[in-house]
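A quick write-up on the structure given underneath.
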Amino acid sequence: MNDKSKIWMDGKFVRWNNAKIHVLTHGLHYGTAVFEGIRCYHTKKGPAIFRLEEHLKRLMNSCKMYHMNCEFSEKEIREAIIQTIKINSVKDCYIRPICYYGYGKMGVNPLPNKVSTSVAIWNWEDHIKTKNNAGMRVIVSSWIRIDSRSLPIHAKAAANYANSALARIEAIKSGVDEAIMLNMRGMVVEGTAENIFMVKNKILVTPPLTSGALDGITRSSVLDIAEDLDIDFQISDISRDELYNADEVFLTGTAAEIKSIGEIDNIKIADGRTGKIATQLQDVYNQIVHGKNEKFEKWLTYIN
Ligand SMILES: Cc1ncc(COP(=O)(O)O)c(C=O)c1O
């Protein structure tokens, strides 16, 4: 993206460099913003957004949990996303709609403030690059994942990401790629911005949403793909030590897609490389997002 790119702000397109808000925006001070991370992929029928309806639904649910009276309907935000991709003439991109309590009255109570909405897109650059199928190196974070007694964790809210950011900083300062977070019961929840899966004895396992994991759209897609491929799966709690002896561990997310973990806390996972089931899932996922799998084409919204 460059200065000529356009960002949709409260119903109008503005130039990238002019997409500014007031320094006393409520969401900046108190974390009262909810957002989505969506991907648009290049296909032979032009750009296509992956699981747009599910992302919009989650955004609306997040707004509800923060009592946000969004000026724009789900349908209008959907249209804003499509128009932002069209006006910027991109083939693929990352899409960030955000609703936030804006400038108005300072203080913890956000309700007197206007709820603003914007949609920005940019080129996605993978922050974790590994070579020759090597898995990522991760640690288990010393930061415990927030749980629903403190914040509505099923809202994809800016406030949750302070917890994620601290864990990600801890990982980077420790010289590894990413952190895995445990919940208050000591069970595995997710990565800082990804859901987690392990494979043991050919069975795919992922923690339940009651662990505190976000209801990830990639997680749900992976479970549907696994079912279609006749891969057995179960949704159950995973302990930290179960991960060390797993046959495969991988993370899933809109940004990360399906990314294998090769090492946790300096302990190698199997041979440290992307495993058989992760590879199988990655192959099908890649076909789907690029419009090469008819069975799951219903997950794509074509722009043209
Ligand atoms: C904390 C957290 N968990 C999981 C995910 C994965 O969700 P999705 O697959 O919908 O991108 C994300 C990414 O949004 C996240 O931030």
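Not measured: the values here are computed from a predicted model. Both ligands and their constituent atoms are indexed starting at 1 by order of listing.
Partners of Ser220 by side chain to side chain donor-acceptor pair (under 3.5 Å), not counting sequence neighbours: none found.
Residues in residues 87-113 take part in no salt bridge (charged side-chain N to carboxylate O under 4.0 Å, His left out) pair, two or more places apart or across chains.
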Pairs under 3.5 Å, N/O atoms on ligand 1 and on the protein: can you put them in a table with the distances?
unit_1, atom_1, unit_2, atom_2, d
ligand 1, 3 (N), Glu190, OE1, 2.7
ligand 1, 9 (O), Ile217, N, 3.3
ligand 1, 9 (O), Thr218, N, 2.9
ligand 1, 9 (O), Thr218, OG1, 2.5
ligand 1, 10 (O), Arg58, NH1, 2.9
ligand 1, 10 (O), Arg58, NH2, 3.0
ligand 1, 10 (O), Ile217, N, 2.7
ligand 1, 11 (O), Thr254, N, 2.9
ligand 1, 11 (O), Thr254, OG1, 2.6
ligand 1, 14 (O), Lys156, NZ, 2.4
ligand 1, 16 (O), Tyr161, OH, 2.3

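Side-chain contact check for Tyr161 and Lys156: at least one donor-acceptor pair (N or O, by modelled atom type) lies under 3.5 Å. Judged by distance alone, the side chains of Ser73 and Arg78 never bring a donor and an acceptor atom under 3.5 Å apart.
Applying the under-4.5 Å side-chain rule to Ile, Leu, Val, Met, Phe, Trp and Tyr, the cluster around Ile225 extends to Tyr41, Phe50, Phe197, Val199, Leu204, Val222, Leu223, Leu229, Ile231, Phe233, Ile235, Phe250, Ile258, Ile277, Leu281, Val284, Tyr285, Ile288, Val289, Phe296, Trp299, Leu300, Tyr302.
Counting heavy atoms from C-beta outward, His154 and Asn61 have side chains that stay 4.5 Å or more apart.
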